[in-house]
Amino acid sequence: MTTAHDDIHDLFVIGGGINGCGIARDAAGRGLSVALAEMNDLASATSSASTKLFHGGLRYLEYFEVRLVREALEERETLLRAMPHISWPMRFVLPVHRDMRFEGTTPVSKLLSTVMPWMKGRRPAWLIRAGLFMYDHLGGRKILPPTRTLNLREAPEGKPLDDRFETAFEYSDCWVEDSRLVALNARDAEARGARIMTRTRVIAAERDGDIWRVTLEDADGRREMRARMLVNAAGPWVGDVIRGTIRSNSREGVRLVRGSHIVTRRLFDHDKCYFFQGTDGRIMFAIPYERDFTLIGTTDQEHDGADRRPGCTDAERDYMIDFVNAYLNTPIGADDVVWSYSGVRPLYDDGASSATAATRDYTLKVDAAGGAPVLHVFGGKITTYRRLAESALEKIGAHFPDLPGHWTAGVPLPGGDFPVDGVADLIARLRADHPFLTEAWAGRLIRAYGRDAWSLLDGAQDKGALGRDFGATLSESEVIWLMEKEWALRAEDVLWRRSKLGLRLDAAQAAALDDYMATRGTASRVAAQ
């Protein structure tokens, strides 16, 4: 084991998901020296397995989580301005009907059952419209259009639906490329001085007075780093870090809830999302996905253990299929599912009676009783990651006097320094500068890299200048960019996190990419020695 005695970081962050990378970026931007260790790839767990939405959480109003909803709604437009390449506005179509029901444990359903028992648990249309009015006005909406009512017998959004649905409410929320959001936060953190270490496991962390001694293990062996404060942003493993890595007696607990999704062939022609409500009180999204597909989700199931890899069970798949089939005029089946994925939400254990009812709000706890402080991060939503980071820095600031204030609102992430409505113009300009690009290819590059697409292409005037073609517009130049600037080491990093090209490449193409990256990675390590 080697020991780095010559460098003590201010902050050592455990976890390379959205919370860890968001905190690292904010802290580095305030002048703190930051190191971050992720035991796998960036966004390899929960942060790449979301429903891909920046949203206020309409259903959380039924739990009276008004602060959480307001904060999320305020963040939508702040984030849109900072990352218009990987996030964009989306309209949501919410069909209404008499069979809609509350999830039985919500505070609103209990209140309504008391004052209006004749409703028998039904979720009335007038209450949904009132909630949407509140949703429109709670967060100071400026960019996004307001709610309107649709006649599904006449509107094109009614065409994919069963004829019994006559009316829908259409409201605004936003899409986000979740795992790219993590990579861009990590890139910006590094640009501001942070050290980002992927595939680096924290074996142990021990207090030595007012310093943490952190033992790390990677492909080159074990080493030790030191830091003045520790941030436990390990996501589903936050409890394991508390009890095992730092051996704390903290009683704080985490509740693991699995959310599964399925991806099918494209089920409708427009670019709007459906918000379906079930007779069991649950809701389900059906979202346009990667041009040729539809994303359906999500479920809420208890998950027993962070180390047990989450997967969409047959029962969850069939539940989601049956749920959307209650709305569609052309039913789908298991054969229509081309991919599925699951993520584990590390929710703060607030003693809720069900996985659905457990709070999605974040909780931050500082433990400084044994000397050097540690901040534990529980829960949170991808929509509020930036606000979570600001709240974390407020707690961290108590241990670092004269720390500068908030700075991230409105500061674009890498490649995102252009107007919210500027994507079409960038695509046209990229094609003009690189005439060999198709509309779809240029669109994919702008949506992934924004203005950085020009740097990635490096003046290429023909496809051959980009090197080897791995399929589905993935070039050698892009792979090298991802390896050198975004910590990608394996094919799965590129195909399922930095992009979703895994939906388009076959097994042989993916294997060829993996071989290429392994060979190039080995050569790079040898050259560095």
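Since this is a predicted model, take the numbers as computed values, not measurements.
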For [Y], is there any backbone N or O sitting under 3.5 Å from a side-chain donor or acceptor partner on [X]?
{"X": "Thr408", "Y": "Asp26", "result": "no"}
{"X": "Asn185", "Y": "Leu181", "result": "yes"}
{"X": "Thr46", "Y": "Val344", "result": "yes"}
{"X": "Thr298", "Y": "Ser260", "result": "yes"}
{"X": "Arg141", "Y": "Asp136", "result": "yes"}
{"X": "Glu476", "Y": "Gly467", "result": "no"}
{"X": "Lys52", "Y": "Ser48", "result": "yes"}
{"X": "Ser87", "Y": "Pro84", "result": "no"}
{"X": "Thr384", "Y": "Ala72", "result": "no"}
{"X": "Thr294", "Y": "Leu267", "result": "yes"}

Heavy-atom pair of closest approach, residues [X] and [Y]:
{"X": "Cys21", "Y": "Leu42", "result": "SG-CD2, 4.0 Å"}
{"X": "Arg265", "Y": "Asp336", "result": "NE-OD1, 2.9 Å"}
{"X": "Asp178", "Y": "Ala49", "result": "OD2-N, 3.7 Å"}
{"X": "Ser477", "Y": "Ala465", "result": "OG-O, 4.2 Å"}
{"X": "Ala35", "Y": "Met225", "result": "CB-CE, 3.9 Å"}

Answer yes when [X] and [Y] have at least one side-chain N-carboxylate O distance shorter than 4.0 Å, and no when they do not.
{"X": "Arg490", "Y": "Asp41", "result": "no"}
{"X": "Glu217", "Y": "Arg201", "result": "no"}
{"X": "Asp218", "Y": "Arg199", "result": "no"}
{"X": "Glu74", "Y": "Arg387", "result": "yes"}
{"X": "Glu486", "Y": "Arg497", "result": "no"}
{"X": "Arg187", "Y": "Asp452", "result": "yes"}
{"X": "Asp433", "Y": "Arg429", "result": "no"}
{"X": "Glu439", "Y": "Arg431", "result": "yes"}

State whether the number of non-hydrogen atoms from other residues, nucleotides or ligands found under 6.0 Å of Asp271 atom CG is greater than 12.
no
Got a sec: does the CG of Asp462 have more than 12 other heavy atoms crowding it under 6.0 Å?
yes
Are a donor atom and an acceptor atom from the side chains of Tyr362 and Asn19 found within less than 3.5 Å of each other?
no
Axial cation check for Tyr135 ring with Arg76, 6.0 Å and 45° limits
yes
Taking the six-membered ring of Trp88, is NZ or CZ of Arg447 closer than 6.0 Å to its centre and within 45° of its axis?
yes
Counting C-beta onward and ignoring hydrogens, is there a side-chain heavy-atom pair between Arg91 and Pro145 closer than 4.5 Å?
yes
pair Lys395-Met229: side-chain heavy atoms closer than 4.5 Å
no
Is the [X] ring parallel, tilted or perpendicular to the [Y] ring (thresholds 30°, 60°)?
{"X": "Phe268", "Y": "His270", "result": "parallel"}
{"X": "Tyr171", "Y": "Phe275", "result": "perpendicular"}
{"X": "Phe436", "Y": "His434", "result": "perpendicular"}

Can you tell me how far the [atom1] atom of [X] sits from the [atom2] atom of [Y], to the nearest 0.5 Å?
{"X": "His9", "Y": "Leu36", "atom1": "NE2", "atom2": "CG", "result": "10.5 Å"}
{"X": "Arg213", "Y": "Leu230", "atom1": "CZ", "atom2": "CG", "result": "14.0 Å"}
{"X": "Trp481", "Y": "Leu456", "atom1": "CH2", "atom2": "CG", "result": "6.0 Å"}
{"X": "Ser475", "Y": "Leu445", "atom1": "OG", "atom2": "CG", "result": "7.5 Å"}
{"X": "Leu474", "Y": "Leu495", "atom1": "CG", "atom2": "CG", "result": "6.5 Å"}
{"X": "Glu77", "Y": "Ile143", "atom1": "CD", "atom2": "CD1", "result": "4.5 Å"}

Using the rule given for side-chain contact (heavy atoms from CB on, under 4.5 Å), can you reason through Tyr274 versus Lys272, listing the C-alpha separation, both sets of side-chain angles and the distance that settles it, and then say yes or no?
CA-CA 7 Å; Tyr274 288 104; Lys272 296 177 182 178; over 6 Å; no
Working for side chain to side chain donor-acceptor pair (under 3.5 Å), residues Thr383 and His55
CA-CA 6 Å; Thr383 313; His55 65 127; 5.1 Å; no
Do Asn232 and Trp237 pass the side chain to side chain donor-acceptor pair (under 3.5 Å) test, and can you show the C-alpha distance, the side-chain angles, and the key distance before you say yes or no?
CA-CA 9 Å; Asn232 174 14; Trp237 292 270; over 6 Å; no
Test log, rule side chain to side chain donor-acceptor pair (under 3.5 Å), inputs Thr473 and Arg444
CA-CA 9 Å; Thr473 72; Arg444 183 181 72 77; 3.0 Å; yes
What donor-acceptor contacts under 3.5 angstrom involve side-chain atoms of residues 284-293, with partners at least two apart or in another chain?
residue	atom	partner	partner atom	Å
Asp292	OD2	Arg504	NH1	2.8
Asp292	OD2	Arg504	NH2	3.2

Give me the one residue out of His85, Arg498, Arg180, Glu478 that meets side chain to side chain donor-acceptor pair (under 3.5 Å) with Tyr449.
Glu478
